[in-house]
Each structure stands twice: as structure tokens, then as C-alpha cells.
Amino acid sequence: MTSGPVGIIGGSGLYELLADATTHTVETPYGPHSEGLTTGTFGGREVAFIPRHGLGHAHPPHLVNYRANLWALASLDVAQVLAPCAAGSLQAELTPGTFVVPDQVVDRTSGRAGTFVEHGAVHVRFADPYCPVVRPRLVDAARADSGPVADRGTMVVIDGPRFSSRAESQWYQQQGWHLVNMTGQPEASLARELALCYAPLAVVTDMDAGVAGNPPVTQFDALATFARSLERLHHVLDKAVRGLPEHRDCECAQALDGMDVSYLPH
């Protein structure tokens, strides 16, 4: 199966990612996607980029229209999605500035529109939530660049927009989880429901409140750490896009085989 443009869902600091960018507005059955959907050239490939929170960070994590964002990308023939994000560390060895390519996710969100399925029997596999082809490409790209890298980890996703209490953070840490984030779900499971290849790249911005000996995290410190990581993030995404295969033969592409699905954009 041939891949179309590479999709990138990103945040602040990535708005100027593409050369020769063209802006698109896609009508979706789920309302408007985040403002600023563009296509252009990056990493030697055609790329469709969407700022997860919209221009100017208009949408907090619990109000991002994840369904519209993923559906809009799929309607542009995107089949592979890279999803850089910020995350807090739950383990002492994952210090701020570390790039982590998670291999598992725990969904602790509530009240978000988390599925495209509105009728019928459509139960997608999600035991391994990230693409087995795209994820290793992100690992390889991160390792090829300077800076600390972790090639796996479990990311717990919370509603936000507040940060965790010390007790919550300590509980997440005691489960053996590695990162806490506010946007990784339902983004990943929605991508699977569209049979997209999806993998996140987490930038550790802070030590979460439950990690012993660390002061409470602040928004300002987290944003500053992410900003300092932007140049490296651009390099890693460039390498990852260049390393993606142009033909898909992974299990993500067959995620909907044999199912009666009515919500696909094509």
C-alpha cells in the first residue's frame, strides 16, 4: 500500500516547519480541525502538518478536536503520522531534554470524544498502540542526533490542563510508568481506527511532582525546556521523515480488514 503525505501533529515552535506551505481547511463530520493545517515539503517528502492546539495555542488539551484533526489528515491521503509532544518525567533517569519514543500508553482521560465508531461491531486492536514501522524510524532518528534518548516507555495520558498532584504523580510512578502527558489519547487510538501508522515522540520538559527531590513543575519551566529542544526536534523529525518507507505493509494498514466501517473519509 503506497503512503501519501507524511502527517505531523505538533505544537508550539513547529508552525514554520514546512517549506512552500499551503493552508487547507477541510470540512469534517466532527466539526473544525485545529487551525493551521498546511501541506508542504519537509525531510524530502510531502508533509501535512497540523498544530495540535491550533495557532497561538488556542485549544487546551482537553478541548482539542482530536477526531477532526485525524480525519482531516486522512482525507488528505496521509497514512503515516509522527506526533511530537511534551511530557513530564516520572522516572529519575529521564531528565528534562530527553527524547522518549514510547511503546505503550495508559489512558486516564475522561469525557473526550475518543472514537469514530457510532454503530456496529468495530473493535480495533490496540495491544501495541504504535506503528511497528514508524516507531523504530523515530528511534533511529533520535539516536542519530546528539542528546539523551530512551527507545521505549509507558506514557500515561491525563486530562489536564492542570498538572498532577504529588499523590497522583507518585501513584503513576509506582505503576512503573515513565511519562505523563495530556494529548496522547485519544489521538493514538483514533489513528488506529483510521488504519493510520502513528507514533509519538515525547520531549521531556520537567520532572513530575512525584519524583523525589524535585520542586513542583510550572508551565513556564516546561515551555522553556520545550523551546530549548526545538532545534533538535526539527533535526530528528527531518531524519525520521526521510527514513519512512513509501509503501506500507505493517499491521496498521490492515487494522480495519473485515470490518464494516462507515466513517472513513474516502
For the backbone of L90 and the side chain of Q173, can you confirm whether one donor and one acceptor N or O come within less than 3.5 Å of each other? yes
Under the criterion side-chain contact (heavy atoms from CB on, under 4.5 Å), I'd like the reasoning laid out for L70 against F116: C-alpha separation, chi angles, the key distance, then a yes or no. CA-CA 10 Å; L70 270 299; F116 293 109; 4.3 Å; yes
Are more than 12 heavy atoms, taken from residues, nucleotides or ligands other than E27, located less than 6.0 Å from that residue's CD atom? no
Quiz question: by atom type and distance under 3.5 Å, do the side chains of S34 and N69 form a donor-acceptor pair? yes
Please determine whether a side-chain nitrogen of the Lys or Arg among D151 and R135 lies less than 4.0 Å from a carboxylate oxygen of the Asp or Glu. no
Side-chain donor/acceptor of R52 to backbone N/O of P84, under 3.5 Å: yes
Would you say that more than 12 heavy atoms from the other residues, nucleotides or ligands in this model lie under 6.0 Å from the CG of D257, or not? yes
Tell me the closest heavy-atom pair linking A113 and P186, and the distance in Å. O-CG, 3.7 Å
Identify whether V180 and M182 are in the same connected component of the hydrophobic contact network (ILVMFWY, side-chain heavy atoms under 4.5 Å). yes
Kindly indicate whether the side chain of L233, heavy atoms from C-beta on, has any atom under 4.5 Å from the side chain of F226. yes
Shortest non-hydrogen contact between S164 and Y172, atoms and distance: OG-CE1, 3.6 Å
Looking at Q91 and G176, what are the two nearest heavy atoms and their distance? NE2-C, 4.1 Å
Does a side-chain heavy-atom distance below 4.5 Å link T154 with L179? no
side-chain contact (heavy atoms from CB on, under 4.5 Å) between D20 and T22, worked out: CA-CA 7 Å; D20 305 318; T22 301; over 6 Å; no
Over 12 foreign heavy atoms within 6.0 Å of CZ, R232: yes
To the nearest 0.5 Å, what is the distance between CG on L194 and SG on C197? 12.0 Å
Just so I know, are the side chains of L37 and T23 near enough to count as touching, which here means a heavy-atom distance under 4.5 Å? no
So does S189 get a backbone contact from the side chain of Q185, meaning a donor-acceptor N/O pair under 3.5 Å? yes
Side chain to side chain, V203 and T98, heavy atoms closer than 4.5 Å: no
Hey, is the main chain of A72 close enough, under 3.5 Å, to the side chain of S75 for a donor-acceptor pair? yes
Residue pair H24 / T39, side-chain donor-acceptor N/O under 3.5 Å: yes
Give, for atom CG of L196 and atom CG of L73, the distance between the pair rounded to the nearest 0.5 Å. 8.0 Å
Are V78 and L17 connected into the same hydrophobic cluster when the rule is that any two of I, L, V, M, F, W, Y join if their side-chain heavy atoms are below 4.5 Å apart? no
Pairs flagged by ring-ring contact (aromatic ring centres under 6.0 Å, His included) wherever residues 119-142 is involved - sequence neighbours left out: none
Checking V157 against V105 for the side-chain contact (heavy atoms from CB on, under 4.5 Å) test, could you report, in this order, the C-alpha distance in whole Å, the side-chain angles of both residues, the deciding distance, and whether it holds? CA-CA 7 Å; V157 185; V105 67; 3.7 Å; yes
With the side chain counted from C-beta on, respond yes when P132 and C252 share a heavy-atom pair under 4.5 Å apart, and no when they do not. yes
For the pair Y30 and W71, name the ring-plane relationship: parallel under 30°, tilted 30 to 60°, perpendicular over 60°. perpendicular
Does V241 offer a backbone N or O that forms a donor-acceptor pair with the side chain of R137 under 3.5 Å? no
Would the distance check show the side chain of H33 and the main-chain N or O of T28 forming a donor-acceptor pair, the cut-off being under 3.5 Å? no
Donor + acceptor pair across side chains of E193, T115 (<3.5 Å): yes
Under a 3.5 Å threshold, yes or no: a donor from one side chain and an acceptor from the other, between Y198 and E187? yes
With a 4.5 Å cut-off on side-chain heavy atoms, are P102 and R152 touching? no
Given the rule that I, L, V, M, F, W and Y join up when any side-chain heavy atoms are under 4.5 Å apart, are V6 and V134 in one cluster? yes
Do L201 and V236 come close enough that some side-chain heavy atom pair is under 4.5 Å? yes
For S89 and D208, does a side-chain donor sit closer than 3.5 Å to a side-chain acceptor? no
N214 side-chain N/O to V211 backbone N/O, donor-acceptor pair under 3.5 Å: yes
From CG (L190) to CZ (R112), nearest 0.5 Å: 11.0 Å
Please say yes or no: joined through hydrophobic side-chain contacts below 4.5 Å, possibly via intermediate residues, are V26 and V47 part of one cluster? no
Would you call R242 and R45 a side-chain contact if the rule is heavy atoms closer than 4.5 Å? no
Ignoring hydrogens, what is the shortest heavy-atom contact between R67 and E118? Give both atom names and the distance. NH1-OE2, 3.9 Å
Take F99 and V204 through the side-chain contact (heavy atoms from CB on, under 4.5 Å) test and state the conclusion after the steps. CA-CA 6 Å; F99 281 19; V204 175; over 6 Å; no
Rounding to 0.5 Å, atoms CD1 (I8) and CZ (F42) come to a distance of 5.5 Å
Ignoring hydrogens and geometry, is there a side-chain-to-backbone donor-acceptor pair from D206 to A222 under 3.5 Å? no
Which heavy atom of E35 sits nearest to which heavy atom of P51, and what is that distance? O-CG, 3.0 Å
Could you tell me the separation between the CZ atom of R228 and the CG atom of L223, rounded to the nearest 0.5 Å? 11.0 Å
Heavy-atom pair with the smallest gap, counting every atom of V64 and H59: CG2-O, 3.8 Å
Salt-bridged, R108 to D159, with N to O below 4.0 Å? no
Rounded at 0.5 Å granularity, tell me how far CG in L138 sits from CG in L82. 5.0 Å
Taking the side chain from N181 and the backbone from G88, do they hold a donor-acceptor pair closer than 3.5 Å? no
Mind checking whether V81 and L264 sit in one hydrophobic cluster, side chains of I, L, V, M, F, W, Y counted as touching below 4.5 Å? yes
Can you tell me if T225 uses its side chain to pair, donor with acceptor, with the backbone of T205 under 3.5 Å? yes
